[in-house]
Amino acid sequence: KAGVTQTPRYLIKTRGQQVTLSCSPISGHRSVSWYQQTPGQGLQFLFEYFSETQRNKGNFPGRFSGRQFSNSRSEMNVSTLELGDSALYLCASSGTSQAGELFFGEGSRLTVL
Amino acid sequence: QKEVEQNSGPLSVPEGAIASLNCTYSDRGSQSFFWYRQYSGKSPELIMFIYSNGDKEDGRFTAQLNKASQYVSLLIRDSQPSDSATYLCAVNRVSGGYNKLIFGAGTRLAVHP
């Protein structure tokens with residue numbers, strides 16, 4: 001069974017640009033969560049999608065957005081990039097009703113110059 | 001005050017010793033608690049979860065929960081160098097009727113031969 005796949009794995013952008021990250025969950029998983037990981041802040045919750053609906057959102061500015069498609073694949077977008085957006089963006093999928101059992105992808109490492 | 005607090009470490013223990021990792025949380029309504037392990041350069045993986053007060057054992061790992069003290073811990077017996085990683089404590093929080101997982105910043109464990 002394939003794991004969670006995130007693309008691209010690495011990317012470099014400049015301030016003011018926008019970026020779109022993609023996540024394909026484990027087959028059969030309908031919940032996809034996104035996290036930002038930085039050395040100083042740790043894992044910060046961005047949002048969670050289930051059946052194309054955003055069910056929960058973290059405390060991030062509106063520049064961070066996401067969506068989920070009917071095949072459960074998810075994308076997140078960050079507009080008007082800032083230096084502080086440099087981070088590892090992790091996607092996690094879940095197939096159970098029990099929250100907390102997350103399966104993480106390898107992440108997309110974003111560097112903003 | 002952060003919702004989930006952990007000592008960042010590093011916690012250094014000799015091979016064969018017991019490693020004790022601690023976590024406190026602020027939301028008294030939290031019901032489920034998780035420990036994830038993250039090797040350097042890798043994504044987090046779930047190693048244990050606990051819902052009820054007391055101890056839960058799984059192989060060399062024991063999770064302990066004390067809801068009155070809002071305290072969760074993870075004990076690793078017979079520590080091995082392969083246990084060297086960052087251990088993330090996570091707490092499930094219900095928001096808007098849905099669950100989201102809040103992570104601590106993690107404790108780095110170093111097991112030396």
Side-chain angles (χ1 to χ4, degrees), chain A residues 2-7 9-10 21 23-26 29-60 66 68 87-109, chain B residues 1-10 21 23-27 29-52 56 58 63 65 72 74 85-108:
Chain A
V4 177
T5 304
Q6 290 188 247
T7 57
R9 291 290 313 279
Y10 303 91
L21 308 177
C23 171
S24 293
I26 291 172
H29 285 191
R30 295 165 66 187
S31 169
V32 173
S33 300
W34 287 90
Y35 287 84
Q36 180 196 65
Q37 187 172 37
T38 57
Q41 297 296 318
L43 270 166
Q44 301 285 306
F45 176 80
L46 280 156
F47 24 66
E48 187 243 350
Y49 287 88
F50 183 88
S51 292
E52 302 179 67
T53 300
Q54 186 183 89
R55 295 200 300 191
N56 244 317
K57 192 176 187 306
N59 297 322
F60 278 82
Q68 187 180 34
L88 179 67
Y89 290 88
L90 288 162
C91 165
S93 74
S94 174
T96 68
S97 59
Q98 173 54 58
E101 296 185 66
L102 301 180
F103 295 85
F104 284 87
E106 292 297 317
S108 292
R109 182 164 296 282
Chain B
Q1 181 191 11
K2 290 187 176 180
E3 285 194 62
V4 182
E5 302 226 38
Q6 297 181 254
N7 188 320
S8 62
L21 304 156
C23 170
T24 59
Y25 59 95
S26 61
D27 183 4
S30 298
Q31 295 295 318
S32 43
F33 309 86
F34 304 82
W35 283 98
Y36 280 77
R37 176 177 63 200
Q38 186 173 25
Y39 290 113
S40 180
K42 299 294 186 182
S43 55
E45 56 177 338
L46 178 66
I47 53 173
M48 283 203 74
F49 57 87
I50 186 167
Y51 308 140
S52 304
K56 179 182 178 183
D58 183 1
L65 173 61
V72 194
L74 179 70
T86 296
Y87 289 80
L88 303 166
C89 171
V91 175
N92 183 43
R93 180 151 78 81
V94 178
S95 174
Y98 297 107
N99 300 303
K100 68 177 179 182
L101 208 56
I102 307 299
F103 284 84
T107 298
R108 190 156 57 91

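Remember, it's a predicted structure, so these values are computed and weren't measured experimentally.
In terms of heavy-atom pairs under 4.5 angstrom with chain B, the leader among A/Asn56, A/Leu88, A/Leu43, A/Val4 is A/Asn56. Listed options B/Phe49, B/Tyr36, B/Phe33 were ranked by heavy-atom pairs under 4.5 angstrom with chain A; first place goes to B/Tyr36. Of the listed residues B/Ala105, B/Ser43, B/Ala90, B/Gly106, the one with more heavy-atom pairs under 4.5 angstrom with chain A than any other is B/Ser43.
Here the straight-line distance linking atom CZ of A/Arg55 with atom NZ of B/Lys100 works out to 13.0 Å at 0.5 Å rounding. Residue A/Phe45 holds its CZ atom at 9.5 Å from CZ of B/Arg93, rounded to the nearest 0.5 Å. Rounded to the nearest 0.5 Å, atoms CZ (B/Phe103) and CG (A/Leu90) are 9.0 Å apart.
When heavy atoms are compared at a cutoff of 4.5 Å, A/Tyr35 approaches chain B solely by way of its side chain, counted from C-beta outward. Heavy atoms closer than 4.5 Å to chain B are found in the side chain of A/Gln37, but not in its backbone.
Sparse packing is recorded around CZ of B/Arg108, with 12 or fewer heavy atoms of other residues, nucleotides or ligands lying under 6.0 Å away.
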